[in-house]
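Have a look at the structure below, then the notes.
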Amino acid sequence: MSELEKSSDNIYSLNRNEDNNEMIVKPKKDFFIKGVLIFGCLFFLFSLYELNIDYSNLLEGTVAFFIMLGDMFPPNISEWAYVLPAAIESLQVAILGTVIAVVISLVLAFLAAENLAPNKWVARIVKSFATLMRVIPTIIWALIFIVAVGLGPLPGVLAIAVHSLGMLIKVFAQSVEEMDGGKIEALKASGAGSVQIIAQGVIPTVLTALMAWTILRLEIDIGESTILGLVGAGGIGWELMRAMRSYDFNTALFITMVIFVMIFSVEMLSNRLKLKV
Amino acid sequence: MEPILKIENLDKVYPDGTVALSNINFNVYPGEFVVVIGPSGAGKSTLLRCMNRLVEPTNGNVIFKDKKINKANSKQVKQIRREIGMVFQNFNLIDRLTVLNNVLHGRLGYTNTIKGSLGIFSKKDITEAEEILARVGLSKQKYKRADELSGGQMQRVGISRALSQRPRLILADEPIASLDPASSKNIMDHIYNICTEDKITAIVNLHQVEVAIKYATRIIGIQNGEVIFDGQPSQLTDKVIDEIYHDRRPPLVHAQ
Amino acid sequence: MEPILKIENLDKVYPDGTVALSNINFNVYPGEFVVVIGPSGAGKSTLLRCMNRLVEPTNGNVIFKDKKINKANSKQVKQIRREIGMVFQNFNLIDRLTVLNNVLHGRLGYTNTIKGSLGIFSKKDITEAEEILARVGLSKQKYKRADELSGGQMQRVGISRALSQRPRLILADEPIASLDPASSKNIMDHIYNICTEDKITAIVNLHQVEVAIKYATRIIGIQNGEVIFDGQPSQLTDKVIDEIYHDRRPPLVHAQ
Amino acid sequence: ACGDDANASEGDNGDGWPDKISYGVLPGEEDTEISRAHDLFAEDMSEELGIEVELFQGEDYNAVIEAMRSKKLDMASFGPFSYIIAQERSNAVPIAVRAKSEEDATYNSWIVVPDESDAETVEDLKDKTILFADPASTSGHLFPRGMFIDELGITNDEIESYFSSVSFSGSHDNSILAIAAGDADAAGVCSTCVERAIEGGMVSESDFRIIKESDPIPSSPITYRGDLPESLVEAIKEFVYNYDNETYFEKAGDSESRYIPVDESDYDIIRNTAKNLDMSPEDLLSN
Amino acid sequence: MHNKGKRVMELEEIRDIRQRKRVQTILITLLVVGLTIWSALGTDFSVYEVFSGLGLISNFVFIDLLPPDVSTSGSLLGAILETLYMGFVGMVVGAMIALVLSFLAAGTTTPHPIIQVVVRAFTSIIRNIPGLIWALILVASYGIGVTVGTLSLILGSVGFLTRVFADTLEEIDTGKIEALNATGSSYLQVLAQGVFPQFIPGFVAWSLYNLELNIRASTIIGMVGGGGIGFAIQKGIKLFQYKEVSMAIILVLVLILSTEFLTSKIRERII
Ligand SMILES: Nc1ncnc2c1ncn2[C@@H]1O[C@H](COP(=O)(O)OP(=O)(O)OP(=O)(O)O)[C@@H](O)[C@H]1O
Ligand SMILES: Nc1ncnc2c1ncn2[C@@H]1O[C@H](COP(=O)(O)OP(=O)(O)OP(=O)(O)O)[C@@H](O)[C@H]1O
Ligand SMILES: [Mg+2]
Ligand SMILES: [Mg+2]
């Protein structure tokens with residue numbers, strides 16, 4: 001008993017000692033963050049000034065905006081026989097583009113993740129490559145692929161795939177990098193090879209994140225595929241343009257609603273999956 | 001008796017210049033239950049991880065069953081690692097997989113790449129994994145996801161994974177540091193009993209001196225990357241302990 | 001003496017049908033150090049949380065200093081909560097704020113909404129918070145961020161936050177469950193000493209029977225939502241313990 | 001590689017005809033309507049020629065020109081300006097335009113000002129803000145710019161300094177809307193686009209005034225790729241010139257209209273204007 | 001005995017659940033594969049065509065697009081700056097609006113579930129209508145130029161940020177909020193002192209990421225009259241000045257990389 005007492009006293013004094021050794025750390029004045037904040041505010045004002053937005057027009061425009069919204073009602077569904085197949089085509093373009101991107105990025109992401117890549121440079125190169133793919137607008141990708149495979153949905157699929165690839169590589173690699181390194185080590189320590197480590201250790205761990213990103217990307221891609229209609233890739237984007245050009249706002253609203261429903265159902269799906277995974 | 005593991009003049013200097021180990025020499029003989037103690041930052045983890053080359057030694061040799069691990073090529077390293085089970089402080093299980101699947105990961109080193117990647121294991125491996133789970137009292141949990149377990153249960157899965165490698169040597173790096181005292185005792189009992197029954201050699205890093213004294217057949221004390229004690233638990237006097245921890249002796253494991 | 005807290009016929013049924021508490025009755029008198037023990041899922045946390053209405057009781061009354069908490073409107077609840085400090089298992093500090101700021105959160109209930117929201121506290125509150133920190137040995141850490149502390153230090157901040165409310169009653173829900181044994185002792189000592197010195201009544205949920213015996217002036221044993229023991233620590237025989245935990249008594253806190 | 005491709009798509013029709021013809025349609029800027037009629041046209045042509053005709057509709061003439069250039073597209077309809085580029089870049093040859101008569105096969109470019117503007121002539125626009133539709137628009141950029149140069153006696157490079165600001169709205173619609181709202185002092189727009197916008201209720205005739213009208217601009221031609229087999233071209237021409245499906249022309253905007261033959265020289269006026277503006281295909285494609 | 005029987009049942013139950021989950025996984029996989037095949041058929045996908053077109057792609061890229069026309073970089077600089085201004089203003093205004101909306105939309109902080117549903121529905125509409133469509137509508141009502149570009153970027157930012165902010169808020173440790181409630185703090189105090197500090201890292205990180213998104217989005221919005229580098233790109237394409245387009249893309253790349261670099265520095269300091 002007395003020994004126990006003694007040791008516990010030790011603990012106490014130990015704690016005291018530890019505390020005494022440390023200096024009071026004064027609250028850090030972080031000039032960096034303050035600087036960034038001030039700079040951000042100034043830059044915001046400067047940007048506003050440079051943009052030279054006409055605020056009086058803002059009010060008028062808003063009135064016009066709501067009048068226009070009002071004009072759009074009720075939606076005109078008489079064109080459904082054209083709109084729905086076009087919507088389906090856009091959906092197909094988005095799905096296939098996303099799937100291709102996911103499959104390829106699953107390979108490349110492991111090369112881009114610094115904790116798994118054979119070396120740092122491979123990771124950096126793959127990542128810069130991914131950035132470039134993201135920065136080139138989908139429309140330009142579409143043009144590039146039209147040269148290769150002609151008009152139609154196919155260049156749309158490819159354009160979406162490449163553009164998505166750029167984002168998915170980045171976010172997949174990030175998820176992999178965020179993974180607890182110990183788990184990888186544990187498999188390594190049991191003599192597993194790198195493919196096995198990825199398949200049995202990394203993928204199960206990051207699966208939820210991958211699925212979330214994939215579905216988010218699908219949402220974006222449905223939106224993108226509507227733009228691609230404009231470059232001859234067909235689909236619902238062209239229908240929308242057609243309606244807008246012929247001032248058929250009621251049909252335009254219907255088309256917008258169809259697009260909304262497509263993207264929204266994917267969002268719902270992702271919410272559902274979040275509960276399940 | 002031939003040592004199962006020989007450490008010869010082992011040095012480890014991390015790229016940032018930290019000298020984590022300097023000139024470590026000792027042999028471990030089959031059947032020993034070695035506990036490594038030492039203050040935080042002494043180099044315990046580094047030492048253990050050099051043994052299966054999760055950390056690349058800077059100098060010296062680590063010889064496991066007459067094979068120099070530090071000289072082995074990547075294929076040989078994998079083969080050697082198969083025979084060395086490792087147990088981690090924070091378990092390092094793959095959360096979303098079942099307990100059984102996690103245990104079967106111990107067989108990956110023996111399974112061909114494709115099958116292993118797809119998680120296809122032989123009937124025999126599965127039966128064996130189930131037996132191991134029965135041994136650590138987790139039969140009922142085998143289809144649970146690893147992240148549905150309590151800490152103590154997770155560590156038992158960690159041990160099972162190591163066991164399913166049918167290892168000759170088990171390395172455990174603070175296997176009980178993130179467990180509550182009750183689970184700690186349970187885990188140490190399991191490691192100790194299994195190693196004794198199966199004649200597996202064990203090297204365990206521990207912070208808790210009493211626990212070390214209770215289980216070890218031999219204790220190695222490390223400080224500043226050097227072995228400063230190597231002997232029987234009975235030889236570990238308070239003076240020696242004080243020396244190992246300087247006056248940084250970790251608080252004892254008592255609430256009362 | 002008037003009881004500070006009266007629990008009358010308290011029931012709690014969760015929306016999913018779980019009966020967490022049924023017909024609990026007891027009084028707590030000023031200065032008592034009550035420890036509530038019981039197996040996991042017995043309803044200890046539910047009981048404690050009913051006391052400051054973080055959980056809405058289904059039936060019965062919780063009367064704190066003659067005010068029925070369960071009948072109070074939201075403003076009154078806030079006033080009552082100000083006088084009841086609470087300490088949590090996982091500390092529940094706001095990570096990115098300083099230790100001092102976290103302690104000052106205990107004063108929010110006394111500070112006007114705007115000032116409190118902006119984190120502006122009176123000179124007096126600050127001095128007092130610093131005194132409390134000095135008491136628990138954290139003067140040097142007061143400007144550190146809460147997430148830079150060790151678990152034991154975090155819990156001391158948790159206690160300080162509760163103290164800065166100048167509470168009449170402290171509720172602590174397994175305050176040491178996520179701490180190592182050494183820090184556990186330290187924390188229990190702090191809670192005990194402070195409550196004794198300041199004459200604060202304490203109700204503490206614990207898993208560790210020995211710890212309960214060591215500190216409690218009174219022990220309440222709960223099982224399946226019912227009080228099955230209420231008495232002095234000395235009355236808590238092994239037989240009673242067995243009964244409380246059925247055969248699910250938690251393993252003792254010994255590694256040796 | 002290109003040659004191989006062309007061969008690859010050739011079927012076993014004795015005359016080296018391809019398996020199918022792909023036909024790309026852009027909405028010409030003077031079109032009164034983007035119609036659903038093209039499906040019908042493609043179907044009828046397919047029936048007549050006995051080979052499949054695949055139809056692509058889009059908004060972006062770069063896509064059509066590039067596809068034709070890499071021989072992924074056999075026939076296309078272009079706007080006047082995009083046609084002269086397509087001729088240069090993709091070897092496009094014009095066949096016909098859709099119109100009621102020769103005279104009707106043209107449209108105009110207008111310079112318009114807001115109704116309340118003081119400007120009566122182009123000279124009055126000095127130091128005012130000018131809006132073009134989009135950089136590649138025939139009637140929304142090329143011709144208005146040409147008119148400024150002719151009327152004001154300045155060079156192409158002086159345009160930017162002559163006016164206070166010169167910018168692009170992106171489309172004829174945007175331009176006329178901006179004029180109606182008084183956001184710009186003048187704009188170059190196509191006559192038919194404005195008429196369409198009035199019909200659509202976007203602007204009213206009283207919102208703007210026309211201060212200058214251009215020479216007639218030939219309208220949008222159907223073209224084929226120059227290296228199609230002679231016999232196929234003949235068959236296509238015969239089909240197009242004799243095409244008289246009332247339903248089609250009705251849907252396309254005017255049941256009275258038919259396809260009227262055109263040839264390269266009909267577009268010389270565009271080429272000349274473009275040349276004056278350094279926007280001829282040679283200038284654009286040289287870099 | 002009885003006990004044991006019950007436990008065995010449990011084990012089997014768990015196995016059943018596992019098996020059901022496995023069946024579910026297989027079904028989902030089949031569904032995805034099925035959808036993919038359906039899409040491949042619908043879009044006439046052919047790997048052969050893709051690969052046979054590679055030569056044409058390289059022709060186009062290396063002859064038409066490259067090398068970039070450096071001489072135009074001067075005139076493009078104004079456009080890229082305009083894009084930056086638009087993106088930044090869109091981000092700041094969008095983040096401010098989203099900040100308020102997200103507190104209403106997150107389950108953990110909303111004052112009332114009905115408000116939560118309304119705000120969520122509202123932002124979902126904003127988010128799920130593509131930026132291009134917004135731009136088309138906005139151009140029709142506000143005219144052309146940077147106003148519309150900025151407005152559609154604000155709309156896009158509000159839609160995106162409200163969602164991610166709300167998700168971040170919902171991930172916040174409720175225990176900490178409870179701890180403040182237990183001290184008798186008021187709703188606003190809990191938000192300001194308990195929720196907000198935890199929310200800051202997410203707030204900053206997502207806002208900065210949104211800046212990047214905005215800069216990229218403005219290349220599309222510019223095409224329908226929103227101004228900035230997007231319009232320059234569009235103009236380049238239409239006039240077949242592909243080398244100018246590639247120059248513009250390089251400028252966008254530089255801008256994105258520098259924002260990425262800066263934002264990662266800021267993120268490091270704040271988290
Ligand atoms: N990757 C690394 N890079 C640089 N230095 C490292 C690295 N890993 C460990 N070190 C340093 O090497 C020394 C030994 O570390 P090691 O982790 O082996 O100690 P330990 O005895 O296991 O400590 P603990 O009891 O805290 O786990 C320490 O000073 C540590 O900071
Ligand atoms: N929010 C809830 N909804 C439904 N059931 C709940 C909820 N919270 C707790 N319970 C159930 O109420 C019972 C009592 O739970 P409580 O957390 O009070 O037990 P405890 O004694 O604190 O257990 P432990 O020692 O594990 O903390 C348990 O059966 C638990 O599953
Ligand atoms: Mg260690
Ligand atoms: Mg509890």
Side-chain angles (χ1 to χ4, degrees), chain C residues 48-49 51-55 74-98 101-121 145-147 157-158 161-167 170-171 173 246-247, chain E residues 1-7 10 96 99-100 102-104 106-113 165 168-208 266-271:
Chain C
L48 219 64
R49 298 154 78 80
M51 292 180 189
N52 62 357
R53 216 168 131 187
L54 284 178
V55 160
S74 97
K75 192 162 172 215
Q76 290 164 328
V77 167
K78 274 177 204 154
Q79 271 163 0
I80 297 172
R81 280 182 183 163
R82 299 198 306 208
E83 296 193 61
I84 305 182
M86 191 152 189
V87 178
F88 299 83
Q89 171 178 343
N90 38 1
F91 328 133
N92 287 336
L93 305 181
I94 309 300
D95 288 342
R96 297 172 42 80
L97 300 184
T98 61
N101 202 332
N102 267 287
V103 175
L104 286 166
H105 283 168
R107 301 304 301 162
L108 282 177
Y110 298 90
T111 311
N112 90 41
T113 300
I114 307 292
K115 280 195 181 169
S117 300
L118 296 175
I120 301 172
F121 296 93
R145 267 170 57 155
D147 54 2
V157 178
R161 174 172 61 194
L163 285 181
S164 82
Q165 293 177 236
R166 282 182 231 126
I170 280 192
L171 308 175
D173 193 0
H246 268 302
D247 50 357
Chain E
M1 262 317 273
H2 193 82
N3 222 344
K4 214 176 156 193
K6 198 180 149 207
R7 280 196 184 157
E10 262 171 32
M96 291 305 136
L99 180 66
V100 178
S102 61
F103 272 85
L104 303 177
T108 36
T109 53
T110 187
H112 196 281
F165 284 175
T168 313
L169 285 171
E170 284 180 352
E171 278 159 21
I172 278 177
D173 185 353
T174 46
K176 302 183 180 195
I177 298 173
E178 223 170 35
L180 287 202
N181 274 327
T183 65
S185 311
S186 67
Y187 175 71
L188 271 183
Q189 288 175 335
V190 173
L191 286 193
Q193 287 287 306
V195 178
F196 199 65
Q198 298 185 66
F199 173 57
I200 280 182
F203 173 72
V204 172
W206 281 118
S207 300
L208 291 176
I266 296 173
R267 251 180 293 204
E268 263 167 37
R269 291 299 282 262
I270 284 186
I271 291 167

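Bear in mind that the values here come from a model prediction, so they are computed numbers and not experimental data. Proteins get letters first, then strands, A, B, ... in listed order; numbering begins at 1 in each.
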* chain C contact via E/L188 - which portion, at a heavy-atom distance below 4.5 Å ->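 Both the backbone and the side chain of E/L188 come within 4.5 Å of chain C.
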
* Under 4.5 Å heavy-atom distance to chain C, tell me which part of E/N181 shows up: side chain, backbone, both or neither. =>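 Looking at E/N181, backbone and side chain both touch chain C.
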
Is it the case that the side chain of [X] and the backbone of [Y] share a donor-acceptor pair, with hydrogens and angles ignored and the cut-off at 3.5 Å?
X	Y	result
E/T108	E/L169	yes
E/Q193	C/S117	yes
E/K176	C/N92	no
C/N102	C/I94	yes

Measure distances from [X] to the heavy atoms of chain E and classify the residue's part below 4.5 Å as side chain, backbone, both or neither.
X	value
C/L93	backbone
C/I84	backbone
C/I80	neither
C/N101	side chain
C/D147	neither
C/R49	side chain

* In terms of ring plane angle, is the pair E/F203 and E/F196 parallel, tilted or perpendicular, where the classes change at 30° and 60°? ->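 E/F203 vs E/F196 ring planes: tilted.
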
* Between C/K75, C/H105, C/R53, which residue shows the highest count of heavy-atom pairs closer than 4.5 Å to chain E? ->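 The candidate making the most pairs under 4.5 Å is C/H105.
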
* **Derivation of the side chain to side chain contact (heavy atoms under 4.5 Å, CB included) call for C/F91 and C/R161** => CA-CA 10 Å; C/F91 328 133; C/R161 174 172 61 194; over 6 Å; no

* **Centroid-centroid under 6.0 Å between E/F199 and E/F165 rings** =>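 Centroid separation for E/F199 and E/F165: below 6.0 Å.
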
